[in-house]
Amino acid sequence: MENETHPTNFIRAIIDKDIESGKYEKTVHTRFPPEPNGYLHIGHAKAICLSYGIAEDYNGLYNLRFDDTNPVKEETKYVESIKADIKWLGFDWENRLYFASDYFDTLYDYAVKLIKDGKAYVCDLNAEEIREYRGTLTEAGKNSPYRNRTIEENLELFEKMRNGQFENGKCTLRAKIDMASPNINLRDPIMYRILHTNHHRTGDKWCIYPSYDFTHGQCDSLENITHSLCDISFENHRPLYNWFIENLDIFPTTQIEFARLNITYTIMSKRKLRELVEGNFVNSWDDPRLPTLSGLRRRGYSPTAIRNFCDKIGLAKRISTVDLALLEYTLREDLNKIVPRVMAVLDPLKVIIDNFPEEQTDEMTAINNPEDESAGTRIVPFSKILYIEKNDFMEEPPKKFFRLSPGREIRLRYAYFVKCESVDKDETGNITAIHCTYDPETKGGSAPDGRKVKATMHWVSAKHAIDAEIRLYDNLFTVQDPAAEDDFKDFVNPNSLKILKNCKLEPSLKNAKPEEKFQFERLGYFCADRYDFSSENPVFNRTVTLRDTWAKIQKQQNKKKKM
RNA sequence: UGGGAUGUCGUCUAAUGGUAGGACAGCGGAUUCUGGUUCCGUAUGUGAGGGUUCAACUCCUUCCAUCCCAGCCA
C-alpha cells in the first residue's frame with residue numbers, strides 16, 4: 001500500500017501483514033492521543049503524520065483523543081492550542097474528537113469488573129510503602145498486605161474511594177498481577193488514585209482518577225483502534241495493556257512502538273519546553289525559536305514543509321537525532337516554490353548615484369517568483385538615493401569577494417549597472433555613504449554591449465522605502481544535544497534573537513498581511529509576524545536564511561587567517 | 001547486576017540469503033540578473049569476534065556499546 005508521497009516503513013509492513021491475514025475485519029483505524037498539558041511540537045507532528053497519514057493512505061479513519069486523566073496538570077487552553085495546531089498541519093478528525101474523560105464511567109465499570117473477578121484490590125499502602133514493596137530492578141517485590149482482601153471488601157472500599165470518603169493518597173486501586181514480574185509494570189500497577197481536584201471537563205464529578213496505564217489501552221479498545229502507534233518508552237507497558245485487554249475481554253488493539261524525533265540544536269521534551277517558557281528564556285509557547293508547532297508557524301514554517309520533513313526522516317525504533325539541516329532543507333524546498341521574492345535591506349548603507357537626476361523615479365519591473373511564472377511581476381521604484389546592504393560593500397575586498405568596492409561595477413537587480421566612485425566617511429573613519437555612477441544604457445539590468453558583471457545586488461530606493469523591524473532568529477542552543485548536558489538551560493544561545501530596527505523594505509510590502517511569507521532576495525525567507533505585524537508597524541521574522549556559499553567561503557578564509 | 005529494546009556512510013534511512021542504495025550534510029564542476037534555484041560528478045558505512053552457506057546487513061553463536069523501566073506522571 002505504498003504511494004508516492006509517503007515512503008514505506010516497518011509499521012506499514014506490519015499493517016500490510018495484518019490486512020493480508022485478516023486480523024481485523026474493519027479498516028485501519030488510528031489515533032493521536034495528546035495530554036493537554038502543553039503545546040505540540042514537531043516531534044508530535046511526526047507522530048501525527050504517521051498515524052494520520054497511515055489512516056489516510058489505507059482509507060481508514062483517525063481519531064483525536066485527549067488523554068486527560070490527570071486533572072492536576074491539564075487545562076482547556078492546551079486542548080484548544082492542540083486542536084488548532086493539528087488543523088494547521090492540515091488534518092481533520094471530523095467528528096472523531098474524544099477525551100479519555102469521556103470514558104470515566106466505563107473505566108470505573110471495568111475496574112469494578114476486575115475487582116469482582118478477583119483481579120484488582122484496594123491497597124492502603126502509602127506512596128512510600130508502595131515503592132518499598134515494589135522491589136527493585138534486580139529484586140522481586142513483595143505482596144501488599146492488602147492484596148487478599150475479599151471481593152466484597154474491595155467493592156465497598158472502591159465505592160468509598162469514589163464517594164470521597166478518603167483523603168488524597170489514603171489508598172489506591174491496584175491490579176493483582178505479579179509482584180515478582182521482571183517487568184516492573186506488572187507488579188500490581190495502580191489503576192486508580194484519589195485526587196480531590198476539579199477536572200477541566202468533568203468538574204467535581206470525580207475524586208478518583210484512572211491512571212494512564214489503566215486508561216490508554218482501554219480507550220484505544222473502546223474506539224476500535226486497530227493500530228495504536230506510540231513512543232518506544234511504552235514498549236515495557238504493552239504487556240500490561242494486553243493484560244487489561246485480555247482480562248476485560250475487549251477489542252484487541254495492536255500497539256506498535258517507534259522512536260521519537262530528536263533534532264540537533266533543540267529540545268523536544270514538553271517538560272523542558274515548559275521550563276524555557278516559564279523561566280522566560282523565550283517569550284511564550286509560540287516563540288519562533290521553539291520547535292513547537294505554533295512557534296514554527298510564527299517563525300514562518302509552512303505545514304507542507306513540516307509534513308514533507310516527517311516523510312523524509314523515515315521511521316525506525318532506534319533512537320536517533322536528525323540534523324537540523326534536513327529540516328531547513330525541506331523548508332527552503334517548499335518556500336522556494338511558493339513564496340514571492342521582494343527586496344529588503346536589513347543593514348542599510350546609503351548609496352548616492354551621482355549622475356542620476358535628482359527628482360527622477362524610474363519604475364523597474366521585477367519578477368515575483370522565478371520558480372512560478374504565474375506569480376507575475378511588480379514595479380519597484382528606483383531613484384538617486386538608495387540603500388544597499390552594508391556587507392555588500394568592502395573598501396578593501398578580499399579574494400573571491402565579487403560585490404561592490406571602489407572602482408568596481410556591479411548590477412543592481414532589475415535596475416542598472418552602477419560603479420563605485422568614492423566613499424564618504426565621518427571623523428572616526430566610518431563609512432557614511434558611497435557614491436556611484438550608473439550607466440543609463442543598462443536599464444533593466446543588462447548591458448547592450450554585452451559586458452558582464454560579477455555580482456547582482458538587491459537595493460531599496462531611500463525615499464520610497466518602508467521602515468521595518470526585523471527579527472533574526474538563530475538556533476536556540478549553542479550545542480547539538482542540549483538535553484545531554486547537566487542543565488540544558490546553560491546552553492541557550494544568547495544570540496538566538498536579534499532585533500533589527502532600521503530595516504528598509506521595498507514599498508510593495510505595504511500590502512503584506514500577518515503570516516504572509518516572502519523571500520527577501522539574497523537574504524532568506526521572512527514572514528510577517530502573526531501578532532505584531534501591522535502596516536503601520538511592520539515586523540518580519542526571519543524564517544531561515546538562504547543557502548549562503550559566500551558565508552562558507554568567508555568562514556574558510558577566516559580559518560586560514562587564524563592558521 | 002533483572003527485564004525490554006536498539007546498533008548500516010558525518011546524520012537520517014533502504015536492502016529480510018544474491019551488486020550495500022537514497023536523502024541531507026561535505027567536496028568538485030556547469031548554468032544563473034539572487035554567491036538562491038537547477039543540473040552533473042564525487043568520497044565515506046553494515047558495533048566486534050567466531051560459525052553455517054557457493055553467497056551473510058540478513059541465519060546461528062559469543063561478546064561489546066547505547067537507550068528504556070523501580071511516579072498515586074503521561
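A, B, ... follow the sequence lines: proteins, then strands. Residue 1 opens every chain. We use all heavy atoms of the structure for the numbers below, so side chains are in, but hydrogens, waters and symmetry mates are not.
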Counterpart residues, side-chain hydrogen bond (donor to acceptor under 3.5 Å, both in side chains), relative to A:Asn262 (two or more places apart): none
Carboxylate-amine/guanidinium proximity below 4.0 Å for A:Asp68 and A:Lys73: no
Atom pairs under 3.5 Å: protein N/O with N/O of nucleotides 13-16 of chain B:
| from | atom 1 | to | atom 2 | distance (Å) |
| --- | --- | --- | --- | --- |
| B:U13 | OP1 | A:Ser320 | OG | 3.3 |
| B:A14 | OP1 | A:Leu315 | O | 3.2 |

Summary of protein contacts for nucleotides 36-47 of chain B, nucleotide by nucleotide, where a base hit scores B, a sugar-phosphate-only hit scores S (4.0 Å, heavy atoms): BS----------
Qualifying residue for side-chain contact (heavy atoms from CB on, under 4.5 Å) with A:Tyr525, from A:Val339, A:Asp334, A:Leu331: A:Val339
Pairing residues for A:His44 by the ring pair (Phe, Tyr, Trp, His ring centres under 6.0 Å) criterion, not counting sequence neighbours: A:His41
Residues A:Arg271, A:Glu275: salt bridge by 4.0 Å N-O rule: yes
Qualifying residues under ring pair (Phe, Tyr, Trp, His ring centres under 6.0 Å), relative to A:Tyr133, sequence neighbours excluded: none
Any residue meeting ring pair (Phe, Tyr, Trp, His ring centres under 6.0 Å) with A:Tyr103, in chain and number order, not counting sequence neighbours: none
Results of ring pair (Phe, Tyr, Trp, His ring centres under 6.0 Å) for A:Phe214 - residues two or more places apart only: A:Tyr192, A:Phe244
For A:Asp347, salt bridge (Lys or Arg N to Asp or Glu O under 4.0 Å) partners two or more places apart: A:Lys390
A:Asp362 side chain to A:Tyr416 side chain, donor-acceptor N/O pair below 3.5 angstrom: yes
Selection from B:C27, B:C72, B:G2 that lies nearest to any side-chain heavy atom of A:Pro182: B:G2
Within 45° cone of A:Phe99 ring axis and under 6.0 Å: A:Arg201 NZ or CZ: yes
Minimum-distance nucleotide (side-chain atoms of A:Ala127 versus B:G3, B:A74, B:C72): B:C72
Sugar-phosphate only, base, or nothing, as touched by A:His216 at under 4.0 Å among non-hydrogen atoms: nothing
Salt bridge A:Glu389-A:Arg522, side-chain N to carboxylate O under 4.0 Å: no
RNA chain B-proximal residues of residues 68-78 of chain A, any heavy atom under 4.0 Å: A:Thr69, A:Asn70, A:Lys73
Would you give me the side-chain donor-acceptor pairs under 3.5 Å for residues 165-176 of chain A, sequence neighbours excluded?
| from | atom 1 | to | atom 2 | distance (Å) |
| --- | --- | --- | --- | --- |
| A:Asn168 | OD1 | A:His196 | N | 2.8 |
| A:Arg174 | NH1 | A:Asp188 | O | 2.8 |
| A:Lys176 | NZ | A:Arg147 | O | 3.1 |

Watson-Crick or G-U stems of RNA chain B, 3 or more pairs, under 3.5 Å, by first number: B:2-7 with B:64-69, B:10-13 with B:21-24, B:26-30 with B:38-42, B:47-51 with B:59-63
Members of residues 184-201 of chain A that approach RNA chain B, where some heavy atom sits under 4.0 Å away: A:Ile184, A:Ile190, A:Arg193
B:C24 base / A:Asp323 side chain donor-acceptor hit below 3.5 Å: no
Any A:Lys552 side-chain nitrogen or oxygen under 4.0 Å from OP1 or OP2 of B:C27: yes
Nucleotide of B:G2, B:A74, B:G35 approaching A:Ser211 most closely (side-chain heavy atoms): B:A74
